[in-house]
Amino acid sequence: METPTLLSAELRLPTNWLDYAILGIYFVVVLGVGFAARASVKTSLDFFLSGRSLPAWITGLAFIAANLGATEILGMAANSAQYGVYTTHWYWVGAIPAMVFLGLVMMPFYYGSKVRSVPEFLLLRFDRPAHLLSSILFAFAAVLIAGVNLYALAIVVEALLGWPEWVAIVVAGFFVLAYITLGGLSSAIYNEVLQFFVILAALIPLTFLALKKVGGWDGLSDTLTATRGDDFMTAWGGTGIGDANPLGANWLTIVLGLGFVLSFGYWTTNFAEVQRALSARNLSAAQRTPLIAAFPKIFIVFLVMIPGLVAAALIPRFGTPESGYQYNDAIPYLMQDLLPNGVLGLAVTGLLAAFMAGMAANVSAFNTVFTNDIWARYAVRGRDDSYYVRFGRIITAVGVLASIGTAFLASAFSNIMAYLQTLFSFFNVPMFVVFIIGMFWKRASMKSGFWGLLAGTTAAMVNYFVVYRQGVIDIPSDQGANFVSAIAGFVAGAVVMVAVSLFTAPKPMEDLQGLVYGTRSPGMAEPPAKGDEAWYRKPALLGWGAVILAAACYIPFSF
């Protein structure tokens, strides 16, 4: 059964002047941060990468906040109401290993090569066609994903506060446009840190009140086990090969499709995330950015999963037409039922902050890639630095306007979460296979990057639109189809890259320094800054600590 994006018409929050005052204060602070950050923008490096001057704790919190968008808040709560504890896989298998791999393995290459974007790395490793294709695909995907967050924000505001959908879209778009145009990436990042704490302040009381309502974890577990079956409250129950389950995936497709291909494709090549690490003040801080973010990521699952589970426990057949509620109603329903005024205003502000963070992350990444990788590289070259700062501000406005258009496009899809996973399988997974082969295989030729990227994107789209949508293979859900599309895109891209490399010339070895595993660039050899040599700041310790902690979190949910 698919999850509709629209909320139930009956949902209306009993907001009063206090709730609106909290919301108004938040928007004033957001604009204030933009004006304050404007003073620090003097060069294009300041505008697009914060002058590479930010400490690791700032970039780490911004890294995780940029991910706290529509999928995380509404989508994952809906996932939990529908699929139960299976939602943990999107965090402990589907995020933490990839975030650690990014910090320990890939950031030295990204940061050490001094690139301004992920596509620019492909220009250095492969050639101009690979760079241009990846830039176009990423810019297109960033606008689509920003539109999803904007659309999710609009439907929540319309359902909960009664604002017309177009008003919510325009108002939110204006505020994101204002603070990014004013202060560039610094404004986006500092606002994301603020948004991270606002989101936590909204979700933590909601989660505790929800648990109290159902008699704690034991009461919740007993209720759902009785109504949904034993597997609903376990992470791996019913995922054996050949077993039927609502997710439409077995342990192998979860581990390979979600845990490896989709996860690594998203976290290691999505510039909306990587850009936060590239803005760090040194290589050590850049490496620690995703590693610091991994620790809150491990536990955020409880703040979105528990409300979804509680909603499923409180209302029989939650998510079906007979119940009167849809899966995406989980968090709004609990807000309506449990939160007093004041706390309610904070919760609404938290939801809006989450959607704006997701949108701002993609818009700021879009303006960087479009300005540096497309416009300055192929359209208008050789202009002075101030020209590209001005153009960056203009293209930010274009990106926001385009996002408003794609916000309405998102309404044509039945599930926000599945829609975004589909986009990731189309765009991020093929880019990941090109990166991983190019970074670990010196023989990968210059031409193989373009053809591998094209083949992977095409294969993922063919699997989804032809094999799945046309019913050639019966897959129970969009989520299961996305796992298969991701695997198809990865395999096709890898096979084509190897084949093309065998028949075309490799890049000269002297041009691969700092771009391929086993080589180094001067930027990768910088000594640790003062204080970074402390044992608790060692990237390896942070990374392996996060992996072990995530694995340990599975233990209570495995039996």
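Keep in mind that this is a model prediction, so the values were computed, not measured.
Panel note: side chain Trp90, backbone Met76; no donor-acceptor pair is recorded below 3.5 Å. Not a single donor-acceptor pair under 3.5 Å links the side chain of Gln287 to the backbone N or O of Met107. Listed for the Tyr110 side chain is a donor-acceptor partner under 3.5 Å among the backbone atoms of Thr268.
Side-chain contact check for Leu303 versus Leu206: every heavy-atom pair is 4.5 Å or farther apart. Under the 4.5 Å side-chain criterion, counting only non-hydrogen atoms from C-beta, Thr269 is not in contact with Val274. Side-chain contact between Val304 and Asn79: absent, with no pair of heavy atoms (C-beta onward) separated by less than 4.5 Å. Between Asn67 and Lys297, some side-chain heavy-atom pair lies under the 4.5 Å cut-off. For the pair Tyr91 and Ile96, the minimum side-chain heavy-atom distance is 4.5 Å or more. No side-chain heavy atom of Phe174 sits under 4.5 Å from any side-chain heavy atom of Val400. In this structure, Pro290 and Val100 have side chains that are not in contact, with every pair of non-hydrogen atoms separated by 4.5 Å or more. Residues Met431 and Asn270 have side chains not in contact (no heavy-atom distance under 4.5 Å, counting atoms from C-beta outward).
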Thr225 vs Asp230, side chain to side chain donor-acceptor pair (under 3.5 Å): CA-CA, chis, key distance, verdict | CA-CA 5 Å; Thr225 299; Asp230 293 337; 5.0 Å; no

Begin with the C-alpha distance, continue with both residues' side-chain angles, and end with the deciding distance and a verdict on side-chain contact (heavy atoms from CB on, under 4.5 Å) for Met99 and Leu291.
-> CA-CA 7 Å; Met99 294 168 74; Leu291 304 179; over 6 Å; no

Given Lys213 and Asp337, is the side-chain contact (heavy atoms from CB on, under 4.5 Å) satisfied, shown in steps?
-> CA-CA 10 Å; Lys213 177 94 172 180; Asp337 190 50; 3.4 Å; yes

Verdict with supporting geometry, Tyr83 and His89, side chain to side chain donor-acceptor pair (under 3.5 Å) = CA-CA 11 Å; Tyr83 303 124; His89 297 313; over 6 Å; no

Pair Val118-Gln275, side-chain contact (heavy atoms from CB on, under 4.5 Å): steps then yes or no | CA-CA 8 Å; Val118 168; Gln275 187 180 26; over 6 Å; no

Would you check, one step at a time, whether the test ring-ring contact (aromatic ring centres under 6.0 Å, His included) holds for Phe101 with Phe264?
-> CA-CA 8 Å; Phe101 184 82; Phe264 277 67; 5.4 Å; yes

For side-chain contact (heavy atoms from CB on, under 4.5 Å), just list the numbers for Asp231 and Val85, CA-CA rounded to whole Å, side-chain angles, deciding distance to a tenth of an Å, and then say yes or no.
-> CA-CA 8 Å; Asp231 293 339; Val85 176; over 6 Å; no

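Here the closest heavy-atom approach between residue Ala141 and residue Phe427 is recorded as CB-CD1, 3.5 Å. Counting all heavy atoms, side chain and backbone alike, Ala313 lies closest to Leu220 at CB-CD1, 3.7 Å. Nearest heavy atoms, Gly237 versus Thr234: N-OG1, 3.1 Å. Residue Gly350 comes nearest to Ala202 through the heavy atom pair CA-CB, 3.9 Å, listed as atom of the first residue, atom of the second, then distance. Between Gly60 and Ala293, the closest heavy-atom pair is O-CB, 3.4 Å. Smallest separation of non-hydrogen atoms from Phe196 and Ala65: CB-CB, 4.0 Å.
Aromatic ring pairs are classed by plane angle as parallel below 30°, tilted from 30° to 60° and perpendicular above 60°; the pair Phe260 and Phe432 is perpendicular. Between Trp217 and Phe557, the two ring planes are perpendicular [angle over 60°; tilted spans 30° to 60°].
Leu339 contributes atom CG, which lies 10.5 Å from atom CD of Gln336 (distance to the nearest 0.5 angstrom). A distance of 9.0 Å separates CG of Leu344 from CD1 of Ile22, quoted to the nearest 0.5 Å. Rounding to the nearest 0.5 Å places CZ of Phe232 at 11.5 Å from OG1 of Thr223. The distance from atom CD of Gln195 to atom CG of Leu61, rounded to the nearest 0.5 Å, is 12.0 Å. Interatomic distance, Leu23 CG to Tyr26 OH, rounded to the nearest 0.5 Å: 9.0 Å. Taking CZ of Phe424 as the start and OG of Ser485 as the end, the distance is 14.0 Å to the nearest 0.5 Å.
Atom CZ of Phe295 has more than 12 heavy atoms from other residues, nucleotides or ligands within 6.0 Å. In this structure, Tyr20 places its OH atom where more than 12 heavy-atom neighbours from other residues, nucleotides or ligands lie under 6.0 Å away.
Ring-centre distance between Phe63 and Trp267: below the 6.0 Å cut-off. Tyr86 has its ring centre no less than 6.0 Å from the ring centre of Trp236.
A side chain to side chain contact (heavy atoms under 4.5 Å, CB included) with Ile145 is found for one member of Asn362, Thr406, Val363 and no other, namely Asn362.
Looking at Thr289 and Thr59, their side chains do bring a donor and an acceptor atom within 3.5 Å of each other. Judged by distance alone, the side chains of Ser117 and Thr368 never bring a donor and an acceptor atom under 3.5 Å apart. Judged purely by distance below 3.5 Å, without hydrogens or angles, the side chains of Glu273 and Tyr266 pair a donor atom with an acceptor atom.
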